[in-house]
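Here is the naming used below: chain letters follow the sequence lines, and residue numbers restart at 1 for every chain. Since this is a predicted model, take the numbers as computed values, not measurements.
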Amino acid sequence: MFESLQSRLSDVFGKLTRRGALSEADVQAALREVRVALLEADVALPVVKDFVERVRDKAVGQEVLRSVTPGQQVVKIVNDELVEMLGGAGAQGDSGTGLDLAATPPVPVMLVGLQGSGKTTSCGKIAVRLKDRERKKVLMASLDVRRPAAQQQLAVLGQQAGVATLPIVPGEPPVAIARRAMTTGALEGYDVVLLDTAGRLAIDEALMAEVAEVREAVKPRETLLVADAMTGQDAVNVAQAFNERVGVTGIVLTRVDGDARGGAALSMRAVTGRPIKLLGVGEKLDALEAFHPDRVASRILGMGDIVSLVERAAETIEAEEAEKLARKLEKGKFDLDDMAQQLRQLTKMGGLSQLMNLLPGTPKIQQQMKNAKIDDKMVKRQIAIISSMTAQERRHPEVIKASRRQRIAAGSGTSVPEVNKLLKQFADASKMMKRVQKLGKKGLARAGLPGLGGPGGGMGGGGMGGGLPPGFGKRR
Amino acid sequence: MSEQDPNDQGEARRSWFRRLREGLSRSSSRLGGGISAIFTKRKLDDAALEELEELLISADLGVKAATTLTAEFSRTRFGKEVTDEEVRGALAGQIATLLEPVAKPFVPDRAKRPHVVLVVGVNGSGKTTTIGKLAKRLVEEGHKVVLAAGDTFRAAAIEQLQIWGERIGCPVVARDQGADAAGLAFDALEQARRQGADVLLIDTAGRLHNKAGLMAELQKVIRVLKKLDPEAPHDVVLVLDATTGQNALQQVATFRELVNVTGLVVTKLDGSAKGGVLVALAEAQGLPVHAVGVGEGADDLRPFSAEAFAKGLLGVG
């Protein structure tokens, strides 16, 4: 019932790309689907209309219909427009926070937003990121004098994160707190002062006036609107109101790790013209990511987020281990130890489900995996199975006969069929490794990412790229 | 939370009704205005219907609910000259009819002693605040209420509930941050029994419904409660943020499937969010809506009234 925007669009574009020639009516039909898909993803209506209009102009006006691959042309136009709407490719130049801190320290940064959008948590995350990645000395101050224990929440976060917080003075009004934070920041040599404000409704005159007053008092270099990725059509109103009253300079989108389709990102970006700078992707203090419009657009369109995947792989897989594996592969040797290591790396990289989100054409595969009951738990069981083998068995799996299988199953708390399945998977994997070896480097690149050619394209066999045993992508 | 305390005068009733109306009409003035613009002396044709459908979508009703409502409209009124008033009135009527069956205030069962209510929801939906408001109301109605600070994850969530407890004079069972939520729930139920409480409200940490590990943790809380009382929790209330879009459908479905949600409280309805997803939710899930949050004050939790909501949504006088 709840198709994701991605799978929905994959279907639409799948139909389009399979066609040789396209009529104007074909494009119209596809765009109607795009419209509904975007609306169901909570993209605000005016933004959707505008978007569809622009795509239609480009798709119909150009050479598209006469070109060899009209379907793909349309997909490309939708993709380009989506990237454009999300902020333009490469808008996010640096790898840091994307925050503009080019001012005399202490640089004030203010966070605003509705109640419960995640301001305080985001404040802590940004502080950690500035401290660790940009070596900034950060002071946090909570201006939330309304919600019980809100100031304390930031103080606790500060302790956890190892970031200084402004001492709480009970009864002090927000503007005074902000001023005191700036004075403290200047006296004690802080680089950045993060001001966490109380949650407020965009239509609450008194509170909006208050935050405007704070803004006047400290003139923040960045005013970040923190918004929930699950926000519905109201996102436009909120973004507009905050932008008009306090001049938003960037957007922090939170709870991106949920399963909301995140249309709010499109809406708010379109309405304010301000970039989405950061994404909150988890409850931990380091779960904050830079925003990459091109990658998110590809994700929405079912093309996967290969760049993020590669980056994450590079971060987690130790180069040495990878080299060792590569040498082994060259010799045509791939044993169960290697497989276990790969499985462990897989869990390190955030587990299957996280990776699947980044891979192309995944909604269909995720469904298949769900049907086949392939999940992170299974990976753990497989690691357990391999751990229950002797060193000899791991190097020479061919010695594993019936009685050994029973022992391994008992030792790992699994069953013989599960052990069999793993061995079968291993056999498939080593077969593929041999094939890869024969193909050489050029072949690997080609065999690695077949899903890129067309959204929704098959991912069977070796389609998971070099890093995963091929059994994962298979339909059972 | 009965419909309204019988001792309360009409005065009070009008005042909360007005506040709700005000809150809702602020959020719906745009929707109402939009419909006026479309339908002032105009024929109800395909284009008009499409615009109507889009307006409903703009209120977060979702494509499906919007299509259903529009289809209903076209069946009875297509091609007729319709006025703004007619359209709004009829739509409000339809929406109220849809929502009427789910408008069920939360009434604690005094026989349970304590009636255990587990409050769940995604991060930032307003669980702790809702518990504070709900507890105040129950205390005012003469119930003995115990609170359990079960959000042991978020910084200062425990303190937040403790402050609420002090304000309204309810004992708060708490442990340190990072403590096991299930163990705390168990203790809380034991203490609530010892103290002869009528209602035990258990706060939980916010969690996204697609995090299997966190949802399993919630299931554990329920399992542990059942060791003391096989019927507990008697109610599992999901707190839903009115600004949430279509993802609310997934949220409710998943929470319901995994922790057997028995009712909803919708918060932040005093903003510009229209909360139209409630209409889609009523159709998809049919779960009771116990109350709506219309402000930050301790008294800003109101029983959900289908008619007031529908009228407010469409800006009907």
Please examine the side chains of B:Lys268 and A:Leu114, heavy atoms only from C-beta on, and report whether any two atoms are closer than 4.5 Å. no

What is the minimum heavy-atom distance between B:Asp241 and A:Gln115, and which atoms define it? OD2-O, 4.4 Å

Go through the atoms of B:Val277 and report whether side chain, backbone, both or neither lie under 4.5 Å from a heavy atom of chain A. neither

Considering all heavy atoms, the nearest B:Arg167-A:Pro148 contact: NH2-CG, 3.6 Å

Side-chain touch A:Arg35/B:Glu54, heavy atoms, less than 4.5 angstrom: yes

Is the shortest side-chain heavy-atom distance between A:Met230 and B:Gln251 below 4.5 Å? yes

Under 3.5 Å, side chain of A:Asp42 to main-chain N/O of B:Gln246, donor-acceptor pair present? yes

Specify the closest pair of heavy atoms between B:Ala156 and A:Ala149, including all atoms of both residues, with the distance to one decimal. CB-O, 3.5 Å

I need the B:Asn247 CG to A:Thr231 OG1 distance, nearest 0.5 Å. 10.0 Å

Hey, mind stepping through B:Gln177 and A:Gln160 against side chain to side chain contact (heavy atoms under 4.5 Å, CB included) and telling me if it holds? CA-CA 12 Å; B:Gln177 195 189 339; A:Gln160 286 171 359; 3.3 Å; yes

As an exercise, state the distance from CZ of A:Arg255 to CG of B:Asn210, rounded to the nearest 0.5 Å. 12.0 Å

Side chain, backbone, both or neither of A:Arg200 within contact of chain B (heavy atoms, under 4.5 Å): neither

Using side-chain heavy atoms (C-beta onward) and a distance below 4.5 Å, is A:Leu157 in contact with B:Arg154? no

B:Leu208 vs A:Asp257 side-chain heavy atoms within contact, under 4.5 Å: yes

Is the shortest heavy-atom distance from the side chain of A:Glu283 to the side chain of B:Asn123 under 4.5 Å? yes

Is the backbone of A:Gln233 close enough, under 3.5 Å, to the side chain of B:Asp60 for a donor and an acceptor to pair up by distance? yes

Check each atom of B:Ile158 against the heavy atoms of chain A and say whether the ones under 4.5 Å are side chain, backbone, both or neither. neither

Under 4.5 Å from a heavy atom of chain A, the part of B:Glu296 involved: side chain

So do the side chains of B:Thr243 and A:Asp228 get within less than 4.5 Å of each other, counting heavy atoms only? no

